[in-house]
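Letters go in sequence order (proteins before strands), and every chain restarts at 1.
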2 protein chains.
Amino acid sequence: MTSSDKNFPGRDHDHGVCIESAFERAEALCRERGAKLTPLRRRVLEIIWESHAPLGAYDVLQRMNAEGERNAPPTVYRTLDFLLKHGLIHRIESMNAFVGCAMSADAHRALFFICRDCGNVAETHSEAIGEAIEASATRAGFLVETPVMEISGRCQECYDDE
Amino acid sequence: MTSSDKNFPGRDHDHGVCIESAFERAEALCRERGAKLTPLRRRVLEIIWESHAPLGAYDVLQRMNAEGERNAPPTVYRTLDFLLKHGLIHRIESMNAFVGCAMSADAHRALFFICRDCGNVAETHSEAIGEAIEASATRAGFLVETPVMEISGRCQECYDDE
DNA sequence: ATTGCAATGTTATATTATAATGAAAAATAA
DNA sequence: TTATTTTTCATTATAATATAACATTGCAAT
Ligand SMILES: [Zn+2]
Ligand SMILES: [Zn+2]
Ligand SMILES: [Zn+2]
Ligand SMILES: [Zn+2]
């Protein structure tokens with residue numbers, strides 16, 4: 001199986017592991033690229049990784065300012081742009097929100113499953129889908145550059161709960 | 001071939017035909033459902049169908065008000081909601097914009113190709129993609145409800161032009 | 001006529017995102 | 001080191017997108 005894995009975050013998964021490995025990947029990648037993971041950027045990444053549910057920019061901002069700081073929107077958008085540019089987070093277009101990238105941050109075409117109940121997002125990568133899209137694009141005379149694939153629905157745990 | 005067709009709108013296609021058939025579909029569907037295609041709704045649908053490039057809500061509003069009318073945002077959003085509900089238009093999530101539905105308006109899962117040069121959008125339907133997504137969803141333990149698939153890239157004509 | 005309902009109008013405001021400018025900090029060069 | 005340049009961050013204002021809340025109109029059923 002070359003394509004996706006069972007990677008929807010279970011209710012009981014060890015999220016500490018997610019966070020830890022996200023930071024390891026971020027640090028490795030920044031070291032490798034000579035990019036600076038400043039305290040501000042680290043903090044925003046940490047906020048994003050508080051859960052697997054996407055956060056809006058203003059939600060991030062609110063958390064940044066929880067202890068009385070006075071960061072303004074451009075600060076959070078700039079920081080999110082940095083994290084996006086380096087593939088450390090993804091933007092979920094259908095939600096105007098941001099979620100941590102769960103994979104090695106090299107450019108990749110991701111498919112997101114978004115649970116409408118718990119709000120969690122699972123990132124997957126499927127060659128079969130990529131190929132099907134390429135085939136369709138070829139028939140339509142279209143050159144694929146940036147696919148946005150965001151599938152709303154329900155995760156296993158949420159539909160087990162009715 | 002059960003899946004998609006060559007349906008990117010060519011530079012030279014007869015757009016009058018697109019508009020005409022869009023209105024025929026809209027009228028048939030509203031008749032069938034007892035929904036009212038009021039002058040306001042007809043006008044918005046007409047504005048949306050001016051081209052194959054998605055329009056933002058405020059672009060629609062501007063066109064509605066071009067002759068001095070004073071429609072306000074809720075009017076256009078309500079009207080767009082009606083057209084969306086009946087499948088007469090689609091919302092392109094990655095653009096916050098709206099485009100006419102090119103197919104019979106029964107609930108369908110569409111894939112959009114969006115040309116970054118000319119801005120045109122082609123709507124396609126591919127069983128292969130649907131199946132690939134279902135397969136991936138099953139592996140991830142996910143129940144698909146509302147897929148958003150919006151592929152940015154370049155249409156044939158635009159990359160022929162360099 | 002009166003009631004009920006769907007459609008539209010109106011005002012205000014919420015939410016998401018960026019422009020423009022400058023100060024501070026960090027890296028690089030001299 | 002000091003000077004120079006670049007990157008990062010702060011600040012103020014504003015643009016762009018979307019909705020809440022409530023009023024009015026028009027039309028159909030009783
Ligand atoms: Zn986790
Ligand atoms: Zn869920
Ligand atoms: Zn056309
Ligand atoms: Zn094009």
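- To the nearest angstrom, C1' of D:dC9 lies 10 Å from CE of A:M64.
- Relative to the side chain of A:Y58, the nucleotides C:dT16, D:dT17, C:dT11 differ in distance, and C:dT16 lies closest.
- Using a 4.0 Å cut-off, no side-chain N or O of A:T75 falls inside it from OP1 or OP2 of D:dC9.
- Following rounding to the nearest Å, A:L80 (CG) and C:dT18 (P) show an atom-to-atom distance of 11 Å.
- Atom CG in B:L83 sits roughly 12 Å away from atom P in C:dA7 (whole-Å rounding).
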List the atom pairs, with distances to 0.1 Å, where a side-chain N or O of residues 72-86 of chain B and a protein N or O form a donor-acceptor pair under 3.5 Å, not counting sequence neighbours.
unit_1	atom_1	unit_2	atom_2	d
B:T79	OG1	B:T75	O	2.7
B:H86	ND1	B:R33	NH1	3.0

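- OP1 or OP2 of C:dA17 sits under 4.0 Å from a side-chain N or O of A:R91.
- At the phosphate of D:dC9, OP1 or OP2 sits under 4.0 Å from a side-chain N or O atom of A:T38.
- Of the candidates C:dA17, D:dC9, D:dA18, D:dA18 carries the atom nearest the B:F98 side chain, counting heavy atoms from C-beta on.
- Stacking between B:Y77 and D:dT19 is absent: the aromatic ring centre is not both under 5.5 angstrom from the base six-membered ring centre and within 30 degrees in plane angle.
- B:R70 places its CZ atom 11 Å from the P atom of C:dT11, with the value rounded to the nearest Å.
- Straight-line distance from the CG atom of B:N96 to the P atom of C:dT16: 11 Å, rounded to whole Å.
- Here the C1' atom of nucleotide D:dT19 and the CG atom of B:L84 are 15 Å apart, to the nearest Å.
- A donor-acceptor contact under 3.5 angstrom links the side-chain atoms of A:R78 to the base of D:dA10.
- Put simply, B:N71 has no side-chain N or O that comes within less than 4.0 Å of OP1 or OP2 on C:dT8.
- In this structure, A:R42 places its CZ atom 16 Å from C1' of D:dT8, rounding to the nearest Å.
- Under 3.5 Å, the side chains of B:E150 and B:S94 contain a donor-acceptor pair of N or O atoms.
- Looking at which nucleotide of DNA chain D each of A:P74 and A:F82 is closest to, the 5′-most match is held by A:F82.
- Whole-Å rounding puts the A:M95 CE to C:dT15 P distance at 15 Å.
- Centroid-to-centroid, the aromatic rings of A:F8 and B:F142 come within less than 6.0 Å.
- In terms of the side chain to side chain contact (heavy atoms under 4.5 Å, CB included) criterion, residue partners of B:D161 (sequence neighbours excluded) are, by chain and number, B:R11.
- For B:L40, taking side-chain heavy atoms from C-beta onward, the closest of the listed nucleotides D:dT12, D:dA18, C:dG9 is C:dG9.
- B:R31 contributes no side-chain N or O that, together with a main-chain N or O of B:A26, makes up a donor-acceptor pair within less than 3.5 Å.
- Comparing C:dA17, D:dC9, C:dA6 by their nearest atom to the side chain of B:K36 picks out C:dA6.
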